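Quick caveat: nothing in here was measured; it's all calculated off a predicted structure. Chain naming here is simple, since letters A, B, ... match the order of the sequence lines and numbering starts at 1 in each.
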Amino acid sequence: MNFVAVQMLIGDRAKYLGLIFAVAFSTFLMSHQSTIFAGIMDRTTSQIKDVQDANIWVMDQKTQYFDEVKALTDDDVYRVRSVPGVEWAVPLFKGLPRAKAFDGNFRVVIMMGVDDASLVGAPRDMVLGSPEDLRKPDSVLVDRVGYEFFFPQQPYVLGKTLELNDRRVTIQGIFNSSAPFQNLPIFYARYSNAMTYVGRERNLLSFVLAKAQPGLSDDELCRRIDAATGLHAATGKQFGWQTIRYYIAHTGIPVNFGITIAIALVVGTIVAGQTFYIFTLENLKQFGALKAIGVTNWRITGMILLQALMVGLIGYSIGIAMTAAFFEITKGNLDLRGFVLFWQIAAGTGAVVLFIVMAASLMSIRRVLVLEPAVVFRG
Amino acid sequence: MTQNVQTMTHPAVVCRRLTKDFGAGENQVRVLRGVDLDVAFGEMTLLVGPSGCGKTTLLSVVAGLLNATSGAVMVLGEDASRMSGTEAVQFRRRNIGFVFQQYNLLPALTVAENAAVPLLAAGIPKKRAVAAASDLLSQLGLGERLHALPSQLSGGQQQRVALARALVHEPRLVVCDEPTSALDHETGNAVMELLTNVAVRSDRAVVVVTHDSRVFQFADRIAHMDDGRIVETQQEGRSQEPEVRMKAAAAQPSFAGVNQ
Ligand SMILES: Nc1ncnc2c1ncn2[C@@H]1O[C@H](COP(=O)(O)OP(=O)(O)OP(=O)(O)O)[C@@H](O)[C@H]1O
Ligand SMILES: [Mg+2]
């Protein structure tokens, strides 16, 4: 009878395609919006993840997330260094100066200042030049977004100059960065230079980056730093989640995406559920004939579930493939980079779709089960 | 053949003081008001009477689709009034063939697949079921249209497919509700002829509800119904050459053998 169920479903071509489309559409909308949401949340941690040399971030107790920092004092670097188990500790600066090209083009940029001596925290994924070139006078490294903003349509070459706080800087390297939340260009300079490029603020130490001695766990060292300095130490991963939690709790982003996803869910459920229900109602007479002929209620339940699962599986596959294709196509775009369809989202969407089609089929099954087979004799 | 010996000892259908009510309380109506009816194996029994007199209701009770309110219904030696829902489903699947006025074929299935549905419902693999159905359809003159969809057939052809579906699992009772009333006279006659020639066998009973006096010629027995009762039963001429029909029945090929 499974074959009969499948034939019934695909035999009604228009309704079959409508059902598949409804499921595919809501799958696409849910997974696409969830992916963008997850991607945006992920972006809030981009600059944390891009620091690959150190695993521990030390910050002021009041610093809640990466983009808004309460400054530390220069002393704090020494205090962290003196905590037993610290292999090394270096300052890291973060500011938002305005960079100006000589053609007048200007934009706020993220300026990261790394330790003059060790260059810990400098970018590793270089397109042109090397992090060591930061040691040259007035040297900055610029990410591709920044370079393409200030020198649009121009080939990547080193030695171009920009102005930061009335100081002339020379681009000595171009690198790939993870997309930042605000999608601003990212600059790196030596710590001592970075301060002068930003000006104004007096106390400029944003974070201390530290590394544990071999054999000591990061968590344990964080506890020791917390206790010894009264500052807050976290691993990069913890700090990333702390930042994401801040954005979830304090911005409208999750609500907005939540609404879109909920709409996709509701529309998907209603459209797919309704279409499926109508499909069953229109086939009620056929089901009645099958019941009269002696097909058991169990069999009929199985037939309807099979039809629903088939619609769900095909619709889901199309929808999720569309989402995957979307992010595959846009992955080369600088503004949309870094959005990937996480398997968790694919699986979660799958579970929701399964729920939708099951809910739809339950209503249909009920209708068919209560159907009196004697109706087959009525015109 | 043990079955035949057994079937011959009792009529195919026996109804005694059968009543059927619909609705409850104020809206309760008694549609069957004490039906007494015997249907013999090897015969075609017509059930005739004015519209609304309860023919379809009686047929539904006899076929195990509806439970009687009171009275006795023995169908193929089993007490149809005592069957649970599942038993009734099983009973219908094994023993009853249905022909409906509106054919009720599944539009998405081919002719052969449609005729195979009772075998599929009995769990017979698709290939075997469709092969058995195809054999029968060829006998009914539809050998060329096995892979057509019902919508591509004329009404008479569709009713022949329905006939094949009603017979493919070799049921011992075939019930037909107005099988010819959607067809023109000639086509209706052809369907009735097939019904008498292919369906009626010594080990099977056929009950046909009809309005159509032109099909009376095909009957072995005609039960007249009015206002929820059988008012008169006539024996017709056709049942006077039983040996001929017995021979024809013995020559029938076995289609799938779900009953064995
Ligand atoms: N499920 C039901 N609920 C309530 N009343 C019903 C139901 N089924 C049939 N009836 C009523 O029972 C009566 C007999 O119906 P039935 O269909 O058996 O008549 P019929 O002899 O087959 O008529 P027709 O020749 O028009 O087909 C009618 O008055 C009908 O309205
Ligand atoms: Mg009727």
Side-chain angles (χ1 to χ4, degrees), chain A residues 1-20 275-276 278-304 306-308 310-311 314 364-366 368-379, chain B residues 20 22 55-57 59-61 63-67 85-86 88-110 113-114 116-123 125-127 129-130 149-151 162 165-166 168-169 171 175-178 181-182 209 258:
Chain A
M1 292 314 280
N2 289 347
F3 137 84
V4 175
V6 171
Q7 249 358 80
M8 273 172 90
L9 177 65
I10 63 180
D12 193 342
R13 201 47 60 92
K15 223 161 265 117
Y16 175 59
L17 294 180
L19 275 168
I20 300 269
T275 316
F276 191 78
I278 291 171
F279 168 78
T280 310
L281 287 195
E282 283 179 358
N283 289 337
L284 218 49
K285 188 123 194 185
Q286 299 182 37
F287 283 118
L290 290 176
K291 285 180 82 161
I293 286 170
V295 179
T296 59
N297 276 342
W298 279 113
R299 265 291 175 70
I300 288 187
T301 304
M303 287 172 73
I304 296 176
L306 176 67
Q307 291 173 338
M310 212 175 121
V311 164
I314 295 173
S364 303
I365 287 168
R366 220 196 110 256
V368 176
L369 292 192
V370 300
L371 177 73
E372 274 283 350
V375 298
V376 287
F377 281 140
R378 316 248 159 245
Chain B
K20 176 67 186 173
F22 284 117
K55 303 182 295 295
T56 297
T57 306
L59 197 67
S60 302
V61 173
L65 291 172
L66 285 179
N67 283 321
T86 359
V89 172
Q90 230 175 60
F91 180 78
R92 294 199 299 268
R93 190 170 68 220
R94 293 219 181 97
N95 300 310
I96 315 280
F98 289 92
V99 178
F100 312 103
Q101 178 178 346
Q102 297 300 335
Y103 329 130
N104 281 346
L105 300 174
L106 304 186
L109 300 190
T110 65
E113 289 162 355
N114 260 295
V117 162
L119 300 179
L120 296 173
K126 188 189 159 205
K127 220 170 146 188
V130 171
L149 292 176
S151 57
R165 180 175 66 182
V168 72
H169 54 307
V175 297
C176 315
D177 196 6
E178 313 269 9
S181 61
V209 164
V258 262

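Between the side chain of B:N114 and the backbone N or O of B:L106, at least one donor-acceptor pair lies under 3.5 Å. A donor-acceptor pair under 3.5 Å links the side-chain atoms of B:R92 to the main chain of B:G64, judged by distance alone.
Contacts of B:V61 with chain A are absent, with no heavy-atom separation under 4.5 Å from either backbone or side chain. Neither the backbone nor the side chain of A:I10 comes within less than 4.5 Å of any heavy atom in chain B. There is no contact between B:V209 and chain A, counting heavy-atom distances below 4.5 Å. Contacts of B:E113 with chain A are made by side-chain atoms alone, with heavy-atom separations under 4.5 Å and no backbone atom involved. Residue contact with chain A, scored on non-hydrogen atoms closer than 4.5 Å, involves the backbone and the side chain of B:L120 alike.
For A:K291 and A:F287, the positive end is not near the middle of the six-membered ring at less than 6.0 Å and at most 45° from its axis.
Note: A:Q286 leads A:E372, A:M8, A:Q286 in heavy-atom pairs under 4.5 Å with chain B. Here A:A292 is the residue among A:A292, A:G11, A:A289 with the most heavy-atom pairs under 4.5 Å with chain B.
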Show the numbers, then the answer: is there a side chain to side chain contact (heavy atoms under 4.5 Å, CB included) between A:V295 and A:V4?
-> CA-CA 12 Å; A:V295 179; A:V4 175; over 6 Å; no
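A side-chain contact (heavy atoms from CB on, under 4.5 Å) with A:I304 is found for one member of A:L369, A:V368, A:L9 and no other, namely A:V368.
Between A:F279 and A:F276, the angle of the ring planes lies from 30° to 60°, which puts this pair in the tilted group.
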